[in-house]
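In what follows, a single structure is set out as structure tokens and then discussed.
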Amino acid sequence: MNPGLAYRLNLMLRGTVPALLTLLLILLVNLRIGLAGLAEVAPQVAMMSVFYWTVHRPYLMAAPVVFVLGLVEDILLGTPLGLNALALLVISGIAESQRAVFVGQAFIVNWVGFTIICGFAVLLTWLMVCLYYLTLIDPTVSLIQLAITILLFPLFAAFFTQVRQAVLRLI
Amino acid sequence: MMRPTANTGKAATVAGPIRVFAQRLTYILLMITAVSLLVLGKADLVLMERVRTIGVDQAAPFLSYFSQPIASINRGIDRLRALGDLAAENELLRAENARLKQWQAVSRRLDQENTRLRNLMNAKRDPLVLPITARVISDSGGPFVKTLIINAGRRDGVRKGQAVLGEDGLIGRVAQVGERAARILLLTDLNSRVPVLLENSRQRAILTGDNTDRPKIEFLPANAQVSPGDRVVTSGDGGLLPPGRPIGVVSSVTEGGVRLQTYADWDRIEFVSVLRYDLPRLTRPDQNPGDIGESGLGQQ
């Protein structure tokens, strides 16, 4: 029996959820969140999302998707074009190659893995920006942002898991 | 749900490695693209500028739509916070109002006197400055860039290089202009350079952002008299910014340099004024259709 058109369309639409969700999060974080100083250290939602979906649904978070998401972030943030694209690609690359370590493991393993990979990506970004502008940029804000991102990861991961079980159980 | 599909047969043993190889290749190509974008961006290509501008323009309606409720929520929170000390604040405002009224009288007199003296001396007037008020729809923040996106663009008369003022003083300049949105480079950004003037000593200097909340004041003469609390205003050098607009006060003077505390509160910039500053014979009206040269308002 061939699956009907509606069924395939349904699967396809569900398949776009991780990418669209990431895009939405990027846009939301970009909005002015007026709480004092929060905008400056808003968590790196794209990094969390790309890591999570690369581990749990790698075929729905393919490299071209990751690249485009990074470019969108670069355009909105005004960072040098390609900077976040590169950072996200690094995260997705490492996560993809180490998938076996994370899938089906306790959450703490995922969290530690994310901490290491995200830390590496942030360090890389910081180095790239310093090179780009040829100055030493104060890394404090980057570090605070990294800490907030890592602390908030369980929350976002739980949310992504809810989404995954609701929409992507069969995909 | 497990259903035998074509991928489990002999085809998969051949197609599998090819697919993995293709994925690897895509990944590597994308990495190379990202790095080349960075290199090209460093070269300041016009094309890259276009891509960014179009991107921001496309995102503007979305950002504008969603930033409104967030702004309202923030206002509500602020109001709740303010409720606590209403009485005290009222008292303060009353005192300030009385003081400001005196100032108003003084400044009216000075303004009239100034006009009369200018007329007597036949002095050249500064061009009229018209503000365009716009709402901030996105605050990128982040550790590396300090920019804002506003919901006014080329069709509203916003042009690259125009000065942008917050409630309390200059906050930056227009860096990129799309059709309906524009990006503001804040004074605190690494790439920001603004010619300034120390109001008391009339020393000229350059205000240099370094991604911290307190930009540096550079290129002051070695014997310059500067002390914390000195007011700093735009100097108008270069003809891009109107002179005499307040920026902030000198916050610290050390061996390492002079730093400035801006009047603008970086955490709550909701509306900004973009100044259409049109220097006669420096900007051409036909290229600047939004400017006052065209509108005829500046003619006397």
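Convention: sequence-line order gives letters A, B, ...; per-chain numbering from 1. Predicted, not measured: the structure shown is a model, and the values here were computed from it.
Within the 4.5 angstrom heavy-atom criterion, no atom of A/L143 approaches chain B. Heavy atoms closer than 4.5 Å to chain B are found nowhere in A/P139, neither backbone nor side chain. Contact of B/D189 with chain A is not made at all, since no heavy-atom distance falls under 4.5 Å. Proximity to chain A (any heavy atom under 4.5 Å) is shown, for B/V39, by neither the backbone nor the side chain. Using a 4.5 Å cut-off between heavy atoms, A/Y132 contacts chain B through both its backbone and its side chain. For chain B, the nearby part of A/L71 is the side chain; its heavy atoms alone come within less than 4.5 Å. In this structure, the portions of B/L30 lying under 4.5 Å from any heavy atom of chain A include both its backbone and its side chain. When heavy atoms are compared at a cutoff of 4.5 Å, A/V90 approaches chain B by way of both its backbone and its side chain. Using a 4.5 Å cut-off between heavy atoms, A/L89 touches chain B through backbone and side chain atoms alike.
If you take OG1 on A/T135 and CG on B/N191, they are separated by 8.5 Å, rounding to the nearest 0.5 Å. Atom-to-atom distance recorded for A/L81:CG and B/E49:CD is 10.5 Å, nearest 0.5 angstrom. In this structure, B/D57 CG and A/I75 CD1 are separated by 11.5 Å, a value rounded to the nearest 0.5 Å. How far CG of A/L76 is from CD1 of B/I149: 6.0 Å, rounded to the nearest 0.5 Å. Here the CG atom belonging to A/L134 is positioned 5.0 Å from the NZ atom belonging to B/K42, to the nearest 0.5 angstrom.
Checked against A/T79 for a side chain to side chain contact (heavy atoms under 4.5 Å, CB included), the options B/L38, B/T147, B/V145 give a single hit: B/V145.
Put simply, the side chain of A/D74 does not reach to within 4.5 Å of the side chain of B/L37, judged on heavy atoms. You'll find the side chain of A/P80 stays beyond 4.5 Å of the side chain of B/F144, heavy atoms only.
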